[in-house]
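I have placed the structure first, in the form of structure tokens, so that the comments after it can refer back to it.
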Amino acid sequence: MTVQSTLTPEEAPPRGQPAAARLLRKLAESPEAGVIVACVLVFAIIAANAPTYTSVGNLQVMGRDLAQVGILAVGESVVILTGGIDLSVGALAGLAGILTAWFNVNQGLPAPVAIVLTLVICAGVGLWHGTMVTRLNVPPFVITLVTYTVAQGLALAITTGTPINGIDPLFSNLSQYYIGRVPVPALFFLGAVAIAWFALERTYVGRQIYAVGGNREAARLAGIPVARRVTSAYVSSAVLAGVVGVLVIGRMNVADPSVGSGWELTAIAAAVVGGVSLFGGEGRMVGIAAGAILLEFIANGLLALHVNTYYQTVVQGAVLGAAILLDRLRARFFGRIQR
Amino acid sequence: MTVQSTLTPEEAPPRGQPAAARLLRKLAESPEAGVIVACVLVFAIIAANAPTYTSVGNLQVMGRDLAQVGILAVGESVVILTGGIDLSVGALAGLAGILTAWFNVNQGLPAPVAIVLTLVICAGVGLWHGTMVTRLNVPPFVITLVTYTVAQGLALAITTGTPINGIDPLFSNLSQYYIGRVPVPALFFLGAVAIAWFALERTYVGRQIYAVGGNREAARLAGIPVARRVTSAYVSSAVLAGVVGVLVIGRMNVADPSVGSGWELTAIAAAVVGGVSLFGGEGRMVGIAAGAILLEFIANGLLALHVNTYYQTVVQGAVLGAAILLDRLRARFFGRIQR
Amino acid sequence: MAALDDAPGRAVTARLRGVHKSYGPVRVLDLPELDLYAGQVVGVVGENGAGKSTLMGTLSGSVRRDGGEIEIDGSALVPGSTEAAASLGIAMVSQEFPLVGQLSVAENLLLGRRPRGSRRRVLVDRAALRREAREMLGEIGLSATAIPVGRQVRTLPVPTRQMIEIAKAWGRRPKLLILDEPTSSLGPVEGAQVLRLARELAARGGTVLFIGHRLDEVREVSDRVLVLRNGRLVADLQPGEASEERLIREMVGGEVTHSRPKDEPTDTSVLLSLRALTADGLGPVDLDLRAGEIVGVAGLMGSGRSRLIHTVAGAQPATGGTMTIAGAAYRPHGPGDGTAAGIAMIPEDRKEQSLVVFAPIRANVTIPILRRISSRGLLGPRRERSEAERITASVNVRMRSVDQPIGSLSGGNQQRAIFGRAFATEPRLLLLDEPTRGVDVGAKAEIYELIDRAAERGMAVLVASSELEELLWICHRVAVLNHGRLVEVIDRAEATKERIMTAAAGTAPVVPMSDEVLEEMSEEVSEDASQDVPEHGDAP
Amino acid sequence: SKNASGTSAPAAGTSGASGSAAPPALAGSVTFNQDNLAKLDAALKTALAGKDLSSVNIAMVVNVAADYWKAGQVGFQKGCSDLGLSGSHCTYFAPPNGKLTEQNSEMETLRSQGITGYAISAIDPTSAAGTIHTDVQHGVSVLAIDSPLPGTDAASLYLGTPNYTAGQQAGEAMKQVLGGKGKVAVLVGSLTAANATQRIQGFEDALKGSNITVVQKVNDNLSAATATSDAETILANNPDVNGLYGVYSYDGPALAQAVQSAGKTNSVHIVSDDSDAQTLGFIKSGVISGTVVQMPYQQGYTGAYILAADKVLGKDATMAIVKPFLESDGSTLSSGVGLVTSADLSAYQALETQLGIS
Ligand SMILES: Nc1ncnc2c1ncn2[C@@H]1O[C@H](COP(=O)(O)OP(=O)(O)OP(=O)(O)O)[C@@H](O)[C@H]1O
Ligand SMILES: Nc1ncnc2c1ncn2[C@@H]1O[C@H](COP(=O)(O)OP(=O)(O)OP(=O)(O)O)[C@@H](O)[C@H]1O
Ligand SMILES: [Mg+2]
Ligand SMILES: [Mg+2]
């Protein structure tokens with residue numbers, strides 16, 4: 001009995017399209033396309049209506065803003081890629097700022113020591129999350145919610161509500177200097193994106209993180225140290241939150257306990273808008289960065305446009321909604337078959 | 001045709017335990033046991049240390065509090081059971097309060113009409129969520145985040161920040177009266193839990209919702225109208241948010257635009273603490289109610305214990321963390337096979 | 001069950017002593033003593049739930065054994081560690097196709113390890129990765145043009161994924177290769193290739209554990225056949241002793257027979273009628289199905305068998321043609337319409353398409369009949385339980401109680417439960433897609449009997465299957481699909497394997513498929529914008 | 001919400017210099033109403049002397065857990081200890097997030113704890129009305145602090161200063177530093193809290209008739225970090241703005257920080273509220289021209305005395321003692337308002353030290 005092999009896929013159909021059209025189509029199909037297009041559109045529309053929007057000064061402000069929620073989004077995404085979630089990033093960033101300032105001002109430690117100490121503590125928090133999630137099977141949502149609450153509380157308890165003043169000038173140097181005309185914090189954002197991109201796409205550990213998020217059982221059976229990969233995601237997220245905390249106190253020149261809470265939602269939103277699936281294993285750094293940038297474009301743009309304060313939130317929501325619908329319609333017409 | 005069955009069922013293993021021990025073990029194995037035990041423990045510990053905690057007055061306060069986040073948690077859970085999430089519940093509750101008051105005060109509609117109109121609008125919002133999720137495949141996190149933002153903004157825009165005064169006394173009658181010594185809002189909470197329990201556990205629609213959340217494709221192929229079930233979950237959640245909004249303005253006797261935001265996190269936390277899986281298909285009303293009650297016991301207890309304001313949040317987080325660890329350890333020793 | 005003594009000089013690859021495993025109170029595996037020798041293919045058979053997968057799991061580390069010692073080439077194997085097992089040279093192709101759908105073929109092939117000879121320890125050596133992936137595919141006889149290594153795995157059909165899974169295990173150069181039902185989702189060509197690979201490894205001095213339900217296959221490939229029953233080793237046979245009858249007797253502890261179904265159905269009224277039916281990748285199909293008739297659907301992988309089943313069930317939209325059921329026009333907008341028209345379908349993928357694995361059996365078997373068994377919308381727990389018990393009893397599901405999660409049943413028992421629930425909807429038309437995949441001989445015979453009984457009761461049955469013998473055995477007629485088109489309908493009197501295969505493999509004009517599907521099939525995932533060597537480059 | 005406001009006449013009225021190049025020196029005032037209140041405290045203490053205070057169980061409920069209220073808490077606790085009340089009969093509560101519902105629950109909880117009286121800075125007077133009504137019916141005395149409670153059972157006595165007046169004073173100061181013309185942006189932490197809306201109203205009313213326009217009002221949602229970012233955004237997008245008003249305690253420093261990093265300290269003038277350490281630092285360095293301050297310490301301290309007297313002496317007897325110290329409206333007991341500028345900074349800091357606040 002002669003039988004032909006059945007695994008050969010059908011040949012590609014003859015395509016009449018020229019190369020450019022195919023490239024365009026390919027771009028339109030990629031899940032990141034929607035958010036990037038939305039970024040460009042939103043930027044263009046606002047710039048056309050608010051002359052100051054594209055001024056160097058305002059772009060610098062946006063750059064500094066991105067160093068906050070944007071960096072958090074990078075860490076958050078890594079956790080989401082493993083199929084988890086980290087609700088603590090905002091509160092932890094706030095606490096990290098307070099801790100650094102407290103070490104520096106109240107305990108008299110030099111700024112670099114205070115920073116390192118804080119980052120180590122943050123790493124410890126990430127380790128704790130990872131351990132609880134992998135060893136005790138605590139749902140990530142729950143354990144990081146606990147940290148969120150505790151961190152917010154600790155920030156209040158340490159300061160008893162009073163901002164910590166008199167931090168080392170090094171902090172504001174970090175935050176308020178420029179390289180060329182690019183503010184240093186914005187470079188931190190770019191750096192975080194670049195490093196995360198590199199780590200996720202170009203290292204074994206990164207690819208294993210995708211594997212763990214995509215199919216945990218398969219990853220485990222293939223001998224990938226699942227617990228270690230998951231834990232490392234939580235550690236990265238927590239350390240990045242620490243970095244944000246340090247940058248924020250530098251920017252404000254004071255450590256205020258009100259900082260950070262609520263940012264986790266924006267960070268998660270940036271990731272999801274950027275194409276990260278909350279089920280894990282899917283999403284890329286380009287999209288995540290674009291998601292964070294889109295949210296910042298909108299938030300800043302509404303101020304630049306002098307939208308009436310009372311309507312700002314509505315408009316912000318509406319623009320976000322429109323951007324997402326756009327992306328969905330794109331996916332419907334150009335997208336690959338969805339899961 | 002003769003076939004010898006190969007399928008003799010295995011005998012039940014001989015069990016040496018007496019009935020009582022088996023019942024206890026069965027209880028310990030159920031996923032709701034942990035949170036119920038935690039409720040009892042937390043209540044007992046606080047009651048022993050704060051004499052006013054168990055006073056009728058304070059119990060009434062807790063009852064009224066439960067009518068807020070507790071009812072939201074019920075609706076939220078139904079959405080989570082289908083494998084989705086609804087971030088809009090808190091903001092929508094806030095907006096619903098504003099809308100009702102605005103219809104009543106600014107448009108001069110009678111209170112019942114204002115209430116019905118608001119609930120219809122909320123149902124419309126739920127329908128919108130369901131449609132976007134089922135037809136356009138928008139991630140639930142994203143579409144409800146948009147509603148969250150827009151609802152918060154609309155509440156501000158309608159009121160331009162000033163609370164709406166002079167609402168019909170009917171609202172406060174709803175909220176401030178007692179049946180026996182039980183405050184009416186607490187009865188709303190109990191009613192919502194009972195109805196949700198009944199609908200989920202005792203009707204075919206409810207069981208279909210579990211099936212949809214457990215395996216959407218299997219449910220679809222088995223002929224369950226998946227889109228309709230998912231949409232109905234979002235509608236229930238939105239309508240319950242509307243009910244909470246109406247109750248809240250009654251309790252406060254004014255419609256304040258700051259109400260509601262942030263409650264979604266507590267509602268989700270109540271559900272998750274109560275054993276609902278964020279992946280859908282798993283979790284029961286008893287646990288959800290217990291989760292909401294536990295969070296309220298803790299929040300109110302800290303006030304009753306006169307815990308220093310600055311430490312309250314830390315302690316709240318710590319107690320929550322302890323409750324969850326307890327449950328995890330229970331699951332480890334008694335639990336059924338986890339997914 | 002002493003070790004075979006025909007291999008006195010052979011090195012022992014794996015030595016198992018007192019290995020056992022229990023789930024709850026049930027001991028599902030209990031092996032006092034077992035040795036596996038180098039240079040052998042060891043077949044393992046047993047009915048569903050006999051403990052085959054559990055045994056393999058303890059060896060590969062995916063299941064943590066409760067006790068006992070395992071030595072691989074003299075080194076002790078730590079329980080429950082896949083890493084330890086892998087480092088001792090054990091590789092497993094498991095029943096569940098554990099690939100990561102979001103990653104590329106190449107990354108899946110080298111999941112959890114680096115390309116050989118690559119000096120980069122931290123950074124992914126993408127060139128080496130792709131090179132080795134292509135080599136790995138080549139080693140098992142697949143060409144990299146057939147399976148582009150940059151393509152996302154979830155866009156590939158099931159059989160291709162299974163071959164990738166085999167290439168993945170093979171590429172680890174294992175000392176002990178475990179194949180858990182590797183051929184159940186494969187076509188004949190690939191199936192034969194897998195058997196060849198097993199022999200090749202044995203010839204090189206490795207050991208292969210080969211689990212299968214197709215007894216002829218197991219006998220053909222094995223040097224030694226182990227039979228498990230209720231977690232115990234009940235027979236350890238040499239190829240000469242392992243006749244099909246003997247194996248079946250040992251597996252089930254008795255005889256199994258199944259006679260061919262009654263001749264032509266007496267009722268000749270047409271129940272389902274398809275005219276020029278087309279759907280994405282399917283058609284045109286013209287077919288009449290009479291009440292009480294069992295019609296098989298044969299074809300190569302990807303020929304559209306599942307699509308035909310899905311289209312009739314309403315799960316995939318028809319793009320043209322007409323369907324009528326008992327004379328009435330039938331235009332489903334979803335599977336719900338199919339159910340309402342009296343159709344029940346059993347899809348091919350249990351885990352993805354049928355079950356809520358973590359939910360109790362009780363909830364799983366009532367899914368399609370929830371509405372019917374409730375009165376005025378209400379459904380009491382007692383009613384649900386009694387229905388569930390009735391359904392599971394009607395198909396002899398082996399279980400402790402209906403409250404057990406269905407995921408804890410063995411594959412065959414899960415399938416029986418699904419059959420039970422399909423019958424519970426009392427359908428007029430039964431659509432079966434690979435109904436006996438991963439099901440043991442005993443249960444298979446029972447399922448055949450259930451199918452017969454359905455036909456006798458007047459149901460029309462449409463069965464898609466990759467097992468030709470199965471179709472020849474149970475069907476009145478066999479419809480053959482080739483590239484989505486219905487090319488021939490063969491009566492049982494004329495049906496032979498050869499005739500069916502000729503029709504199925506014959507070169508037919510390519511069916512027009514929508515651009516989207518073609519594009520989907522021919523393109524690969526772009527891992528990122530800067531991906532340097534696109535697979536298009538390899539294609540002519 | 002981190003402030004209240006003052007009625008005492010600002011001493012700021014008459015600074016003549018108004019050149020737009022050099023910021024005109026702003027005269028300040030830090031006298032508040034202390035002398036008056038000190039006399040009242042003494043009178044109450046005398047009346048309470050020798051009485052049994054063991055049944056007194058009082059609380060102070062403020063509107064948010066923030067730095068501003070630190071002084072209020074210190075004052076309240078000092079008042080309690082001066083009266084010899086035990087800590088467990090002296091509850092201080094600050095809603096951690098400044099949410100209306102947090103405050104409402106706490107008020108209901110207090111009643112069930114058998115409180116005899118509380119001083120409250122209501123987040124929303126209307127919503128508190130019902131609870132206050134019930135409380136007063138049950139013999140609990142309620143004292144409005146920080147913002148008055150018109151139309152409630154606690155309308156008869158108010159200890160504090162109207163936010164509207166504080167806003168007006170900020171407006172007056174702004175008029176002076178800008179020399180009567182320019183463009184102003186306002187940064188605030190809430191668009192809903194009464195103290196914020198009243199202050200902005202006062203501020204805008206004070207600017208009426210001048211050539212100063214408010215071009216933008218921005219809400220930072222009670223987050224200091226958002227305030228910083230918003231402040232920078234305002235500056236980047238409004239090159240013609242020359243005046244900034246920061247309403248919440250952290251808004252002033254956020255604006256100052258932004259002005260400093262934009263290098264506009266000479267061209268943009270800031271008026272703020274409250275006396276954060278950072279704000280005072282910026283006053284010293286001249287980045288902030290002036291800040292409107294109140295005396296929450298006194299609201300806590302005198303509040304404790306009044307609540308204790310209500311319980312021990314009875315409401316009428318207490319009112320009789322308080323009466324001579326009231327403002328002309330017959331219900332306001334002013335805790336004063338001041339304007340801290342570089343001129344009176346040291347005097348203000350000396351006062352804080354004396355009260356044990358900082
Ligand atoms: N995770 C689990 N929890 C509980 N019971 C389980 C679990 N996994 C397997 N079992 C039980 O262990 C027994 C052996 O199962 P196993 O999967 O080894 O059977 P098998 O021989 O591979 O069957 P099949 O041919 O159907 O694949 C079955 O009774 C099954 O129900
Ligand atoms: N456009 C589509 N819409 C809905 N379902 C689809 C679509 N394309 C394919 N499917 C379903 O995807 C599944 C897998 O497709 P595949 O190509 O493997 O099936 P097939 O051609 O029917 O193969 P086989 O003959 O081996 O069953 C089938 O169940 C098919 O019904
Ligand atoms: Mg098996
Ligand atoms: Mg198929």
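We use all heavy atoms of the structure for the numbers below, so side chains are in, but hydrogens, waters and symmetry mates are not. Sequence lines set the chain letters: A, B, ... in the order given, protein chains first and strands last, and positions in each chain run from 1.
For A/Thr162, the parts lying under 4.5 angstrom from a heavy atom of chain D are both the backbone and the side chain. Both the backbone and the side chain of A/Asn253 have a heavy atom closer than 4.5 Å to some heavy atom of chain D. Using a 4.5 Å cut-off between heavy atoms, D/Lys70 touches chain A through its side chain atoms alone. Contacts between A/Asn165 and chain D at a heavy-atom distance below 4.5 Å involve the side chain alone, from C-beta outward. Only the backbone of A/Thr159 comes within contact range of chain D, judged by heavy atoms closer than 4.5 Å. Heavy atoms of D/Pro253 lying under 4.5 Å from chain A are absent altogether.
Residue-environment remark: OH (A/Tyr177) stays at or below the threshold of 12 foreign heavy atoms within 6.0 Å. Around NZ of D/Lys183, the count of heavy atoms belonging to other residues, nucleotides or ligands within 6.0 Å does not exceed 12. Summarising the local packing, OH of A/Tyr311 is surrounded by 12 or fewer heavy atoms from other residues, nucleotides or ligands at distances under 6.0 Å.
Within the model, atoms CG of D/Asn238 and CG of A/Leu303 stand 9.0 Å from one another, a figure rounded to the nearest 0.5 Å. Summarising the geometry, atom CG belonging to A/Leu305 is positioned 10.0 Å from atom CD belonging to D/Gln216; distances are rounded to the nearest 0.5 Å.
Among the candidates D/Ala254, D/Ala94, D/Ala224, D/Ala262, the residue making the largest number of heavy-atom pairs closer than 4.5 Å to chain A is D/Ala224. Contacts with chain D were tallied for A/Val56, A/Thr160, A/Leu156; A/Thr160 has the most, counting heavy-atom pairs under 4.5 Å. The candidate with the highest count of non-hydrogen atom pairs below 4.5 Å against chain A, out of D/Val215, D/Thr233, D/Asn219, D/Asp230, is D/Thr233.
Nearest approach of A/Gly57 to D/Ala236, heavy atoms of both residues: C-CB, 3.7 Å.
Looking at D/Ser261 and A/Arg251, their side chains never come closer than 4.5 Å, going by heavy atoms from C-beta outward. The closest side-chain heavy-atom distance from A/Pro163 to D/Asp276 is below 4.5 Å.
With D/Ser229 contributing its side chain and A/Asp65 its backbone, the two residues share no donor-acceptor pair below 3.5 Å.
With hydrogens and angles left out, the side-chain atoms of A/His306 and D/Asn237 include no donor and acceptor closer than 3.5 Å.
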